[in-house]
Amino acid sequence: MCGRATIITPAADLEKRFNAAFIKGAVLNENVNISAGNKIPVITNEQPNHIQMFTLGYTPKWAHKQTYMINARSEGDLNPENNPQYKGAMGIFNKPMFKHAVKSQRCLVLVDAFIEGPKQEKLNKPYLVYPNRDRGPFALAGIYDTWQHPLTGELHHTVAILTSAANRITQRIEHHRAPVILSREDEEKWLNPDMSVAELSRMMEPFDSKGFNAYPISSKIKSPDANGLELLKPTGDKLFKDYDRCLYERLKYAEEDDYVIREERLVEGDQFVLF
DNA sequence: CCAGACGTTGTT
DNA sequence: GTCTGG
DNA sequence: CCAGACGTTGTT
DNA sequence: GTCTGG
């Protein structure tokens with residue numbers, strides 16, 4: 001079970017990074033342990049200049065009950081072996097539950113990190129996956145829909161995070177899937193309603209592990225109620241050796257000084273793999 | 001045609 | 001809403 | 001979030 | 001009452 005994410009970057013910095021303003025009434029709550037049912041910041045193709053807070057856990061508009069789908073397989077029924085080398089058509093376009101949304105209701109899901117555990121131990125042995133070199137928040141590929149409660153009429157804006165086969169990082173964590181992380185260049189394309197299926201399929205391939213790292217954290221994260229920066233404290237070595245400060249250190253540092261997202265650095269040679 | 005499902009990760 | 005299975 | 005389970009023996 | 005799965 002993945003389904004946990006972290007958002008801790010202040011609203012003003014998120015707005016600057018993604019060139020969008022929080023929509024009227026939206027409140028960003030710092031949340032180190034976002035789980036099903038919690039609010040998470042998104043930018044939709046319908047309102048690309050605004051950041052909104054949606055409920056993590058997708059429900060298609062036609063559902064009778066809320067379904068809380070946290071993830072959506074980008075390959076659909078294809079690639080049942082979860083082969084990381086899989087290229088080609090993404091079967092999600094054929095899935096009744098997601099086909100409409102993936103064609104016309106795509107969004108960026110804004111996070112600072114996500115949490116993944118091994119297939120076996122799950123969140124009993126969690127790792128925090130984050131961008132190194134202080135690159136700051138990034139965008140997961142999401143799809144969304146609005147579901148209306150049949151009795152109260154209340155509207156629920158819900159979102160699912162797309163998944164792909166594992167990449168280098170999640171393989172090392174012994175997990176066989178990974179969230180779809182969009183490159184900076186693809187963020188705008190993902191929101192472009194005119195993108196071809198082929199181009200969208202390419203964007204859903206496992207993310208480039210270059211520029212990301214991970215380290216183990218406390219299994220206290222398992223409880224959806226647990227929260228706070230201390231949950232992100234490393235409990236062991238990083239997956240890949242590097243000379244950066246880890247996310248926890250970066251955030252601790254931010255508490256003291258003014259929070260600054262450093263300029264994007266060269267991605268080339270980001271990760272020092274020594275062994 | 002119509003009723004019923006529509007999904008994930010993870011497990012067996 | 002749209003596809004599948006009977 | 002909420003519906004549904006909530007176990008055993010035997011195996012590793 | 002509390003944990004798990006979807």
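A note on names: the letters A, B, ... follow the listed sequences, proteins ahead of strands, and every chain is numbered from 1.
- Under 3.5 Å, the side chains of A:Glu230 and A:Tyr248 contain a donor-acceptor pair of N or O atoms.
- Judged as a ring pair (Phe, Tyr, Trp, His ring centres under 6.0 Å), the pairs with a partner in residues 10-56 of chain A (not counting sequence neighbours) are, in order, A:Phe54-A:Tyr144, A:Phe54-A:His157.
- Legend: residues meeting side-chain hydrogen bond (donor to acceptor under 3.5 Å, both in side chains) with A:Asp77, ordered by chain and number and at least two apart, are A:Lys95.
- Backbone-only contact: A:Lys95 has heavy atoms under 4.0 Å from sugar-phosphate atoms and none from a base.
- Going from atom NZ of A:Lys222 over to atom P of E:dT2 covers 16 Å, rounded to whole Å.
- Comparing the P positions of D:dT9 and E:dC3 gives a spacing of 23 Å, expressed to the nearest Å.
- One interatomic measurement links the two molecules: CG of A:Asn79 to P of B:dT9, which rounds to 11 Å at whole-angstrom precision.
- An OP1 or OP2 oxygen of D:dC1 is reached within less than 4.0 angstrom by no side-chain nitrogen or oxygen of A:His156.
- Minimum atom distance to the side chain of A:Arg73 is reached by B:dT9, of the listed B:dT9, D:dC1, B:dG10.
- Partners of A:Asn38 according to the side-chain hydrogen bond (donor to acceptor under 3.5 Å, both in side chains) rule, which considers only residues two or more places apart in sequence or in another chain, do not exist here.
- In this structure, A:Tyr58 reaches neither bases nor backbone, as no heavy-atom distance under 4.0 Å exists between it and the strands shown.
- Counting non-hydrogen atoms under 4.0 angstrom, A:Ala63 reaches nothing in the nucleic acid.
- Between A:His100 and C:dT2 there is no side-chain N or O to OP1 or OP2 distance below 4.0 Å.
- Rounded to an integer number of Å, the gap from A:Arg4 CZ to B:dG10 P is 13 Å.
- Comparing the P positions of E:dG5 and D:dG7 gives a spacing of 13 Å, expressed to the nearest Å.
- In the model, A:Asn213 has a side-chain atom that pairs as donor or acceptor with a side-chain atom of A:Asp242 under 3.5 Å.
- Applying the 4.0 Å criterion to OP1 and OP2 of B:dT8, one finds that A:Arg177 has every side-chain N and O outside that range.
- Taking the six-membered ring for Trp and thresholds of 30 and 60 degrees, A:Phe207 and A:Phe212 have ring planes more than 60 degrees apart, a perpendicular arrangement.
- At whole-Å resolution of the value, CE in A:Met97 and C1' in C:dT2 are 13 Å apart.
- Separation of the P atoms belonging to B:dC6 and D:dG4 is 16 Å when rounded to the nearest angstrom.
- Look at CG on A:Leu162: it is 11 Å from P on B:dT9, rounded to the nearest Å.
- The salt bridge (charged side-chain N to carboxylate O under 4.0 Å, His left out) analysis of residues 42-64 of chain A, with sequence neighbours excluded, yields the pairs A:Lys61-A:Asp145.
- Per the geometry, CG belonging to A:Asp145 stands 18 Å off P belonging to B:dC6, to the nearest Å.
- OP1 or OP2 of B:dT9 lies within a sub-4.0 Å distance of a side-chain N or O belonging to A:Thr163.
- No side-chain N or O of A:Asn71 forms a donor-acceptor pair with one of A:Thr163 less than 3.5 Å apart.
- The separation of B:dT8 from D:dC1, taken at their C1' atoms, amounts to 15 Å, rounded to a whole angstrom.
- Within 4.0 Å of A:Met69, counting heavy atoms only, lies at least one base atom of the nucleic acid.
- With 3.5 Å as the limit, one finds a donor-acceptor pair spanning the side chains of A:Lys39 and A:Thr55.
- Between the side chains of A:Arg106 and A:Asn45, no donor-acceptor pair is found at a separation under 3.5 Å.
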Show the distances under 3.5 angstrom between N or O atoms of the protein and N or O atoms of nucleotides 3-6 of chain C.
from	atom 1	to	atom 2	distance (Å)
C:dC3	OP1	A:Lys99	NZ	2.7

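- Using a 3.5 Å distance cut-off with no hydrogens or angles, the side chains of A:Asn82 and A:Arg73 do pair a donor with an acceptor.
- Straight-line distance from the CG atom of A:Asn71 to the C1' atom of D:dC1: 15 Å, rounded to whole Å.
- Counting only Watson-Crick and G-U wobble pairs whose two key distances fall under 3.5 Å, DNA chain B forms stems of three or more stacked pairs at B:1-6 with C:1-6.
- In this structure, A:Ile70 places its CD1 atom 13 Å from C1' of B:dG10, rounding to the nearest Å.
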